2 protein chains.
Amino acid sequence: MDGKVINLKSKMETYKAISGGGNIANCPVREVIQGVSGKWRSLLMMALAERPYRFGELRRLVPDISQRMLTQTLYDLQRDGYVHREVFPTKPPSVEYSLTDLGRSMFGAFHQLILWAELNHDAVRAARADFDAAQA
Amino acid sequence: MDGKVINLKSKMETYKAISGGGNIANCPVREVIQGVSGKWRSLLMMALAERPYRFGELRRLVPDISQRMLTQTLYDLQRDGYVHREVFPTKPPSVEYSLTDLGRSMFGAFHQLILWAELNHDAVRAARADFDAAQA
DNA sequence: TAGTGCTGGTCTCTTTCTGAGACTACCACT
DNA sequence: AGTGGTAGTCTCAGAAAGAGACCAGCACTA
């Protein structure tokens, strides 16, 4: 067999396979997944899943986020309906961010990934170390 | 009560709460999550979960990825141990990418999020539309 | 009464990352 | 001899992210 060369014919087949199973290039799923995929979005979701936080609290909690990114990421999360923003007219007006029902729902699914990461992060690190060693 | 002002004292408390429940600023979990979080990484994982693919197939399957990003993302996934790269010494050497056991394991957890996205993408889109309308 | 610090931001500048497209080198088929 | 398919690499422009200054208002303190 030199049947290793699978050209042309498989184009539509593979596309269909993906479309049926996981939805790839066109689809809303991709949009949602990428909406969760930001560097800070998952982190803030994790924080807010714990309890509501105020802006400054979040800034201290995630020390290496810039104010600019915190503002923007919270705005994006709010826009996507994951986070609720409430302004309290206290002396210096304070702003509290909390998860919406949609946010909690999404976090439920996301949580699986967090659990996996907790169990397997050393495997990933090991793989990375091996790979880097092999390259050197 | 003007007990809305929670300063200083709560710093360590919040940090501990997060550390216990979800691990935030320091931790390996964050590293792993962000490793999955790239724009293309999840997409390629979805593709490869279906079956192994060759470079050109992936390029056609995900039409809006550039070759540069495809090369690099596959390299990163390989480095993290999610993807196996095998070169076949055919006439023009072809390269096949497939999920490793670690990759399949991770994808199992990630799949939850995909399912959620399939069910709820319209809710997200609705939230976004509402929000944009309210801003205007 | 002026100084300091807290509130939640915005604005600008720099660096880093991403994306598009040209280019390589080899081989098969026409 | 030319065309197209293999898997990439290289370069350059544009977009995104990060660092840090700045703002306005109020409370507490010296």
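Below, each value reflects all heavy atoms present in this structure, side chains not excepted, and no hydrogens, waters or symmetry copies. Naming convention: chains lettered A, B, ... in sequence-line order (proteins, then strands); numbering from 1 in each chain. In this text the structure is predicted, and so the values were computed from the model without any measurement.
Between the CG atom of B:L74 and the P atom of D:dT9 there is a distance of 11 Å, rounded to whole Å. A straight line from CG of B:L58 to P of D:dA7 spans 9 Å, rounded to a whole angstrom. Atom CD1 of B:I65 is separated from atom P of C:dT18 by 11 Å (rounded to the nearest Å). The interatomic distance linking A:D64 (CG) with D:dA17 (C1') rounds to 13 Å, in whole Å. Between the CG atom of B:D76 and the C1' atom of C:dT18 there is a distance of 13 Å, rounded to whole Å. For the pair A:L44 CG and D:dA17 C1', the computed distance is 14 Å after rounding to whole Å. Rounded to whole Å, the distance from CG on A:L70 to C1' on D:dG20 is 15 Å. D:dT6 atom C1' lies 10 Å from atom CZ of B:R60, rounded to whole Å.
Residues forming a side-chain hydrogen bond (donor to acceptor under 3.5 Å, both in side chains) with A:W40 (at least two apart in sequence, or on another chain): none. Listed by chain and number, the residues in a side-chain hydrogen bond (donor to acceptor under 3.5 Å, both in side chains) with B:H84 amount to none (sequence neighbours excluded). Scored by the side-chain contact (heavy atoms from CB on, under 4.5 Å) test, B:L119 finds no partners at all (sequence neighbours excluded). Every residue meeting the side-chain contact (heavy atoms from CB on, under 4.5 Å) condition with A:A49, not counting sequence neighbours, appears here in chain and number order: A:L99, A:F107. Taking B:S105 as the reference, A:W116 meet the side-chain hydrogen bond (donor to acceptor under 3.5 Å, both in side chains) condition, with sequence neighbours excluded. Taking the ring pair (Phe, Tyr, Trp, His ring centres under 6.0 Å) definition, one finds that A:Y97 meets it with nothing, sequence neighbours left out.
Atom CG in B:L61 sits 11.0 Å away from atom CE in B:M46 (nearest 0.5 Å).
Closest to the side chain of B:R54, from the set C:dT7, C:dA20, D:dA7, is D:dA7. The side chain of B:Q72 lies closest to C:dT18 when the candidates are C:dT7, C:dT18, D:dA7.
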Item to check | Per-nucleotide protein contact string for nucleotides 24-30 of chain C, where B marks a base within reach and S marks sugar-phosphate only (heavy atoms under 4.0 Å, - for neither) | outcome: ---SS--

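Listed by first and then second residue, the salt bridge (Lys or Arg N to Asp or Glu O under 4.0 Å) pairs that reach into residues 103-116 of chain A are A:D101-A:R104, sequence neighbours excluded. The salt bridge (Lys or Arg N to Asp or Glu O under 4.0 Å) analysis of residues 37-48 of chain B, with sequence neighbours excluded, yields the pairs B:R41-B:D76, B:R41-B:D80.
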Report, one pair per line, the protein and nucleotides 9-16 of chain C atoms (nitrogen or oxygen only) whose separation is under 3.5 Å.
from, atom 1, to, atom 2, distance (Å)
C:dG9, OP1, A:R85, NH2, 2.0
C:dG9, OP2, A:R85, NH2, 3.3
C:dG9, OP2, A:Y97, OH, 2.8
C:dG9, N7, A:Q67, NE2, 3.1
C:dG9, O6, A:Q67, OE1, 2.9

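If you check residues 33-41 of chain A against DNA chain C, you find no residue with a heavy atom closer than 4.0 Å.
Between B:E86 and B:R54 no salt bridge is recorded (no basic side-chain N to carboxylate O distance below 4.0 Å).
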Side-chain donor/acceptor pairs under 3.5 Å, residues 68-75 of chain B, sequence neighbours excluded:
from, atom 1, to, atom 2, distance (Å)
B:T71, OG1, B:Q67, O, 2.9
B:T73, OG1, B:M69, O, 2.6

